[in-house]
Number of protein chains: 2
Amino acid sequence: MGGATKGRDVVPDATESSAPREGLSRTRVLRAAVDYADANGIESLTMRTLAAELGVVPMALYKHVANKDDLLDGMVEVIVGEIGPTPASGHWKPDVRRRVLAARAALLRHRWSQAVLESRAAMTAPMLGYLDSLVGLFVSGGLPIDLTHSVMHALGNRMWGFGEDLFAATPPSETESFNAQKDALPARFPNLAAIAAAAIHVDPESGRLTGCDSQAEFEFALDLVLDGVERLDVRDGKED
Amino acid sequence: MGGATKGRDVVPDATESSAPREGLSRTRVLRAAVDYADANGIESLTMRTLAAELGVVPMALYKHVANKDDLLDGMVEVIVGEIGPTPASGHWKPDVRRRVLAARAALLRHRWSQAVLESRAAMTAPMLGYLDSLVGLFVSGGLPIDLTHSVMHALGNRMWGFGEDLFAATPPSETESFNAQKDALPARFPNLAAIAAAAIHVDPESGRLTGCDSQAEFEFALDLVLDGVERLDVRDGKED
DNA sequence: ATTGACAGGTGTACATCGTACACCTAGATT
DNA sequence: AATCTAGGTGTACGATGTACACCTGTCAAT
């Protein structure tokens with residue numbers, strides 16, 4: 001069986017400490033791309049400029065990234081990977097708060113990242129890992145799985161109708177290497193798997209299996225916010 | 001002097017009823033672009049394909065749109081313009097709900113539109129008009145202006161740290177035609193003007209004038225959702 | 001040591017895209 | 001009739017992603 005070892009991992013193996021600055025690697029390319037985008041803006045990041053930055057000919061990059069889209073995906077992977085763990089107390093509310101704020105901080109460190117992330121809602125492994133960790137905080141804090149599911153949608157939605165839910169899991173590009181790991185996904189992201197299992201239900205009309213209703217999830221999120229605002233208004237205005 | 005009358009309006013003047021299908025116009029170009037994107041996907045919309053669709057040579061388009069960015073901006077304008085008015089009862093909650101849902105429906109009619117809209121957070125006139133109408137619903141429903149301000153941020157944020165607030169008003173590209181109208185903005189969008197006025201405050205530390213604190217707004221939105229979830233959880237779990 | 005396979009860097013070349021620029025043309029204005 | 005001008009045309013160029021053939025140094029197997 002050939003080529004099964006062709007890792008597309010984010011951090012495959014660091015042979016960088018021994019060889020100081022010689023030889024590219026996927027990680028080195030990605031890191032250089034992130035740095036370059038930080039310094040010069042994402043719009044001026046081209047395969048040529050990046051190659052020049054690395055002192056290499058443009059086509060050399062293609063030995064480490066499949067194409068520019070793959071490069072961009074890799075860049076978000078790097079940043080999402082920077083989020084890092086946050087301490088958990090077992091109370092979902094402060095735990096989730098901390099974690100989300102940490103994510104925001106990581107994204108803010110690279111101004112271009114949100115635009116790139118939104119332009120390609122590719123669910124890469126670190127992304128799934130982050131989502132899984134969030135879900136884990138909710139459920140291990142005692143929140144029911146259905147509610148957790150809806151909350152994840154609420155957090156991923158923009159609530160004035162613009163921008164579809166980021167939690168609408170766009171699977172990563174259907175590469176062979178991904179398909180190879182597909183079966184292992186539930187094991188790697190057990191919390192997401194639990195949500196997916198809970199979300200699948202039978203449509204009473206057609207009798208067919210169906211996923212979640214994005215319109216319903218949107219309205220849930222919207223009402224959550226509006227109800228919250230109403231409470232704030234009543235409390236502040238009428239002195240409890 | 002010279003060229004001040006070069007209108008970049010969305011619907012400049014409809015000389016289309018008399019001349020059936022002859023001659024381009026900004027509106028005709030934009031509408032064709034929207035239709036083409038609907039049918040073939042935004043990624044295959046190029047100046048050349050669009051020109052071909054209109055039976056015209058590519059460069060002809062540039063007599064009606066400044067460049068491709070302007071074209072895309074115009075396309076969003078068209079769609080935001082499609083949102084249309086919604087009936088208002090004077091109660092902000094159902095009114096806002098209706099309006100937001102209408103916006104979502106308009107955007108969903110054109111799958112590509114959210115991506116385009118988010119890729120260029122340009123605050124075009126129809127966009128400002130929509131926001132202004134939303135704010136108007138809140139305040140005429142009796143919600144205090146400060147709270148309205150925060151809610152607008154909450155609605156525009158993605159709440160897991162990804163994606164900065166759409167309500168962080170990126171001004172439209174600084175064209176001459178825009179600057180000409182700049183002074184008229186408060187009159188055209190009075191509700192937005194009120195929010196802007198309320199948001200400006202003096203920073204206690206430096207003593208300088210400052211806009212709104214995006215971090216604070218983000219945390220407000222996040223807590224709004226988390227508090228709401230907590231209430232739902234308590235109520236459902238413990239039977240009120 | 002010889003070989004040969006292969007990971008990884010090179011060079012050339014091309015298709016696609018946005019768009020600058022000069023030109024043309026028909027209808028309106030004087 | 002002369003002229004202006006809005007608007008469509010044709011050509012051409014630079015930037016960009018990337019296919020493809022090639023070269024080279026390293027290391028394993030002979």
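Treat the numbers as computed from the prediction; the structure is a model and nothing was measured. Quick note on labels: first sequence line is chain A, next is B, and so on, each numbered from 1.
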Kindly give the atom pairs (protein nitrogen or oxygen, nucleotide nitrogen or oxygen) under 3.5 Å for nucleotides 17-24 of chain C.
residue	atom	partner	partner atom	Å
C:dG18	OP1	B:Lys68	NZ	2.6
C:dG18	OP2	B:Met47	N	2.9
C:dG18	N7	B:Arg48	NH2	2.6
C:dG18	O6	B:Arg48	NH2	2.7
C:dT19	OP2	B:Tyr62	OH	3.0
C:dT19	OP2	B:Lys68	N	2.9

How about [X] and [Y]: do any of their side-chain heavy atoms sit closer than 4.5 Å?
{"X": "B:Gln215", "Y": "A:Leu101", "result": "yes"}
{"X": "B:Leu222", "Y": "A:Leu155", "result": "yes"}
{"X": "B:Asn40", "Y": "B:Trp112", "result": "no"}
{"X": "B:Leu24", "Y": "B:Lys63", "result": "no"}

Nearest-Å distance for atom pair CG/C1', residues A:Leu61 and D:dG17: 11 Å

Atom-to-atom span, CZ of B:Arg26 to P of D:dA6 - whole angstrom: 17 Å

Ion pair check, B:Lys68 and B:Asp73, cut-off under 4.0 Å: no

side-chain hydrogen bond (donor to acceptor under 3.5 Å, both in side chains) pairs, two or more places apart, involving residues 47-56 of chain A: A:Thr46-A:Thr49

B:His64 vs D:dA6: side-chain N/O to OP1/OP2 distance below 4.0 Å: no

Sugar-phosphate only, base, or nothing, as touched by A:Val56 at under 4.0 Å among non-hydrogen atoms: sugar-phosphate

